[in-house]
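Residue numbers start at 1 and run along the sequence shown. A quick note: this is a predicted structure, and the numbers were derived from the prediction, not measured.
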Amino acid sequence: SGGLMALHDARPPFAAIGGTVPPEFSALPTPCYLLDENALRRNAEILGGLAQRTGCRVLLAQKAFSNYDLYPLLAPHLAGTEASGLFEARLGAEEMPGEVHVFCAAYRADEMDELLRYADHIVFNSPAQLAKFGAKVKAAGKSVGLRINPECSTQDGHAIYDPCAPGSRLGTTRAAWDAAVSQDPSLPQLLDGLHFHTLCEQDADALAVTLDAVAEKFGDLLPNMQWLNFGGGHHITRPGYDIATLEHCIARAQNAWGVTVYLEPGEACALNAGYLLTRVLDVVKNGDTTVAILDASAACHMPDVIEMPYRPP
């Protein structure tokens with residue numbers, strides 16, 4: 001439950017306990033998400049400025065933000081969208097100008113023909129998926145990529161979101177790639193680019209460490225590629241983010257391997273650009289603990305509070 005609403009001039013945070021909620025907000029039905037279009041626009045301008053200065057291409061990762069009513073606000077600053085499956089690919093193709101990139105851990109054969117109608121880039125997770133679908137994707141005139149696993153963990157305390165954790169299902173290690181090519185030497189000819197996504201809400205120092213690992217393990221393949229996708233997890237629009245180091249990493253890849261660099265931030269597009277409005281229905285006390293009972297649900301409206309866990313501001 002909960003409506004999705006957008007106001008042009010949302011005010012600064014107002015929901016502190018004991019604070020006064022502006023009258024126009026207190027009349028809204030709760031729970032609902034309130035989006036700040038000015039904040040979204042500022043985020044988009046930061047991402048667009050990065051693209052203009054460096055020549056990289058920035059995509060909206062729709063799994064983090066898919067309110068397509070606001071896509072016209074983001075579109076002038078972005079190169080397109082990233083999708084994690086068929087329906088996100090269709091959403092991006094229909095609602096956002098530009099490129100549509102798709103990564104999925106595995107693709108369904110019965111969805112591939114429709115997916116090819118929407119996607120410009122399709123990234124495979126394994127050599128087996130590349131062998132199964134790569135030729136068909138290539139014949140359709142689409143760009144073909146492989147997600148790599150540089151086996152370089154930079155996350156602290158987020159093991160369940162670490163694609164480089166031991167036993168990860170995400171990305172192809174160099175050993176797995178070499179073994180596959182030894183069995184099918186035609187696989188490299190299918191590839192136009194490589195993709196890695198190893199970060200989660202991190203700064204550019206973690207990207208620099210990861211790029212070292214990518215260069216060490218896959219650097220010999222990259223001169224033959226047209227593009228390199230740095231994935232998501234870059235907190236680019238967070239105050240204090242190290243833009244200079246990010247730009248250095250982009251330039252390093254461009255100069256060393258002659259590739260077009262893509263980034264696909266999700267949270268950075270919508271970071272700090274809205275609120276979850278909820279009402280306190282009751283306050284109960286149990287010993288020294290005071291509990292506010294809300295009309296919102298952590299599981300439904302803010303599941304990361306449970307999964308990560310987060311403490312909302």
Side-chain angles (χ1 to χ4, degrees), residues 1-11 28 31-104 111 114-123 142-143 145 195 197 199 201 227 229-238 241 246 260-277 300-304:
S1 67
L4 195 61
M5 309 188 69
L7 300 183
H8 285 275
D9 294 304
R11 301 182 183 184
L28 294 174
C32 73
Y33 299 103
L34 180 66
L35 304 183
D36 183 340
E37 292 187 3
N38 289 330
L40 280 169
R41 187 177 293 107
R42 285 194 297 271
N43 287 345
E45 289 171 350
I46 291 171
L47 298 173
L50 172 71
Q52 288 183 344
R53 291 191 303 274
T54 65
C56 76
R57 300 181 67 79
V58 183
L59 309 168
L60 165 66
Q62 296 178 102
K63 66 181 179 181
F65 186 78
S66 56
N67 183 351
Y68 56 88
D69 289 328
L70 278 300
Y71 281 15
L73 184 152
L74 302 174
H77 308 281
L78 303 178
T81 56
E82 186 274 336
S84 56
L86 172 62
F87 298 111
E88 282 186 5
R90 177 180 172 184
L91 177 64
E94 293 181 351
E95 299 293 341
M96 176 86 84
E99 303 175 34
V100 176
H101 292 228
V102 185
F103 166 78
C104 191
E111 292 181 350
E114 184 178 1
L115 185 63
L116 289 173
R117 288 162 43 192
Y118 308 126
D120 299 297
H121 285 212
I122 293 184
V123 175
K142 312 299 183 178
S143 192
H195 172 287
H197 181 163
L199 307 184
E201 300 184 343
W227 50 266
N229 191 322
F230 286 8
H234 316 277
H235 245 195
I236 301 168
T237 56
R238 187 187 68 217
Y241 179 89
L246 172 61
T260 297
V261 172
Y262 286 92
L263 292 93
E264 46 187 42
E267 185 171 331
C269 293
L271 187 64
N272 298 326
Y275 315 92
L276 170 61
L277 270 65
C300 292
H301 302 107
M302 39 184 168
D304 280 351

About how many Å separate CD1 of Ile122 and CG of Leu115, when rounded to the nearest 0.5 Å? 4.0 Å
Which atom pairs, one a donor and one an acceptor, fall under 3.5 Å between side chains of residues 75-87 and the rest of the protein, sequence neighbours left out?
from, atom 1, to, atom 2, distance (Å)
Ser84, OG, Glu88, OE1, 3.0
Ser84, OG, Glu88, OE2, 3.4

For Glu114, which residues count as a salt bridge (Lys or Arg N to Asp or Glu O under 4.0 Å) partner, sequence neighbours excluded? none
Donor-acceptor pair, side chain of Lys142 and main chain of Leu116, under 3.5 angstrom: yes
List the atom of Leu276, the atom of His301, and the distance in Å for their closest heavy-atom pair. CD2-CB, 3.9 Å
Just jot down the salt bridge (Lys or Arg N to Asp or Glu O under 4.0 Å) partners of Arg238, sequence neighbours excluded, or say none. Asp203
OG1 of Thr237 to NE2 of His235, rounded to nearest 0.5 Å, is 7.0 Å
How close do Ser143 and Trp227 get, counting heavy atoms only, and between which atoms? OG-NE1, 2.8 Å
Which heavy atom of Gly231 sits nearest to which heavy atom of His234, and what is that distance? O-NE2, 3.1 Å
Show the atom names and distances, to 0.1 Å, of all donor-acceptor pairs under 3.5 Å that link a side chain in residues 89-104 to residues at least two apart or in another chain.
from, atom 1, to, atom 2, distance (Å)
Arg90, NE, Glu94, OE2, 2.9
Glu99, OE1, His101, NE2, 2.7
Glu99, OE1, Tyr262, OH, 2.8
Glu99, OE2, Arg57, NE, 2.7
Glu99, OE2, Arg57, NH2, 2.8
Glu99, OE2, Tyr262, OH, 3.2
His101, ND1, His121, ND1, 3.3

Given the rule in the side-chain contact (heavy atoms from CB on, under 4.5 Å) test, do Leu60 and Leu74 qualify, once you have shown the distances and angles that lead to the verdict? CA-CA 9 Å; Leu60 165 66; Leu74 302 174; 4.1 Å; yes
In chain order, what residues pass the salt bridge (Lys or Arg N to Asp or Glu O under 4.0 Å) check against Arg53, with sequence neighbours excluded? Glu247
For a quick test of reading the model, state the closest non-hydrogen atom pair linking Cys269 to Pro265 and the distance between them. SG-O, 3.6 Å
Heavy atoms, side chains only, cut-off 4.5 Å: are Val123 and Asn229 in contact? no
Phe65 side chain near Leu40 side chain, heavy-atom distance below 4.5 Å: yes
In terms of ring plane angle, is the pair His195 and His197 parallel, tilted or perpendicular, where the classes change at 30° and 60°? tilted
Could you list the residues that satisfy side-chain contact (heavy atoms from CB on, under 4.5 Å) with Leu246, not counting sequence neighbours? Leu50, Ala204, Leu207, Ile236, Tyr241, Ile250, Leu263
Residues passing the side-chain hydrogen bond (donor to acceptor under 3.5 Å, both in side chains) test with Asn43, sequence neighbours excluded, are none
